[in-house]
Amino acid sequence: MRRTTTLALAAAALLLAGCGSQSGGDGGDDTGGGSGKVSPSASGSPSSGGCVPHAELTAADNGHTLCLTEGGELRLTLDGTKDRPWKPVSASGPALEAINSGFVIQPGDATAAYRAKAAGTTKLTSSRPMCPEPTASGQVSCKGVEEWAVTVTVRR
């Protein structure tokens, strides 16, 4: 129910905001129809330059770039499972500062929240195993890792 409600609200906000950001790449669903534009769930009207004051990201935003206005907030939820958990999200760069993201409800999920504190760029990353760990019953496993990354640019 939580995810369905969040997705419905995010879709409504996206339609109202009408904003997008540049795709960074490989993987994930390019919801911009192949135009290189993607639209993470954002609320508020884009400021000059296409930046938004608030955004919510999911695993589907992998490889994307988002522009956030200084003072704005970003929240993200990566839905995982007990057998394929996401690692905690890490941020590298000076543009964002971590804030309280609330509680992780489901085992394997990773959540994070940030405030856009200064103009600049920060890269957010996480990863999880491609396959569950093998069980005592001899289940086959793999060594693959699913990577997740989003670049956030903060502008005044």
Side-chain angles (χ1 to χ4, degrees), residues 1-15 17 19-43 50-52 54-68 72-117 120-154:
M1 173 99 176
R2 171 190 82 165
R3 291 181 185 137
T4 303
T5 302
T6 301
L7 290 174
L9 290 173
L14 177 63
L15 289 173
C19 67
S21 61
Q22 292 295 326
S23 174
D26 56 32
D29 178 31
D30 184 6
T31 57
S35 67
K37 297 279 187 179
V38 295
S39 299
S41 303
S43 60
C51 297
V52 295
H54 303 284
E56 290 192 28
L57 301 177
T58 67
D61 294 306
N62 181 39
H64 297 169
T65 297
L66 169 71
C67 185
L68 197 61
E73 288 188 8
L74 165 70
R75 295 190 175 274
L76 67 93
T77 301
L78 301 176
D79 293 328
T81 65
K82 181 180 172 191
D83 293 330
R84 294 185 56 223
W86 285 101
K87 290 188 176 183
V89 176
S90 65
S92 60
L96 301 175
E97 70 177 338
I99 59 175
N100 187 351
S101 64
F103 295 101
V104 175
I105 303 295
Q106 302 292 324
D109 287 0
T111 62
Y114 299 92
R115 180 170 294 110
K117 72 174 183 172
T121 302
T122 294
K123 186 170 185 174
L124 303 174
T125 58
S126 184
S127 64
R128 71 176 179 165
M130 292 290 285
C131 306
E133 290 296 317
T135 63
S137 64
Q139 174 187 2
V140 177
S141 184
C142 65
K143 300 292 181 189
V145 174
E146 180 180 1
E147 301 283 338
W148 182 88
V150 168
T151 301
V152 180
T153 301
V154 174

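By the 4.5 Å heavy-atom criterion applied to side chains, V154 and Y114 are not counted as neighbours. In this structure, the side chains of L66 and V52 come closer than 4.5 Å at one or more pairs of heavy atoms. With contacts defined as side-chain heavy-atom distances shorter than 4.5 Å, the pair E56/D61 does not qualify. T77 places none of its side-chain heavy atoms less than 4.5 Å from the side chain of R75. Contact annotation: the side chain of L76 never approaches that of V150 to less than 4.5 Å [non-hydrogen atoms, C-beta and beyond].
When every heavy atom of G80 is checked against every heavy atom of D109, the shortest pair comes out as N-OD1, 2.9 Å. The shortest non-hydrogen separation linking A113 to S101 is N-CB, 3.6 Å. Considering all non-hydrogen atoms of both residues, L78 and T58 come closest at CD2-C, 3.8 Å. Residues P94 and K117 share a closest heavy-atom pair of O-CE, 3.0 Å.
T122 contributes no side-chain N or O that, together with a main-chain N or O of V152, makes up a donor-acceptor pair within less than 3.5 Å.
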Quiz: residues 83-90 side-chain donor-acceptor pairs under 3.5 angstrom, not counting sequence neighbours:
unit_1 : atom_1 : unit_2 : atom_2 : d
R84    : NE     : P129   : O      : 2.8
R84    : NE     : M130   : O      : 3.0
R84    : NH2    : P129   : O      : 3.3
R84    : NH2    : E146   : OE1    : 3.0
W86    : NE1    : D79    : O      : 3.3
S90    : OG     : T125   : OG1    : 2.9

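With rounding to the nearest 0.5 angstrom, the CG atom of L68 is 8.5 Å from the NE2 atom of H54. Distance CG/N100 to OG1/T111: 9.0 Å, rounded to 0.5 Å.
The salt bridge (Lys or Arg N to Asp or Glu O under 4.0 Å) test applied to E97 returns R115, not counting sequence neighbours.
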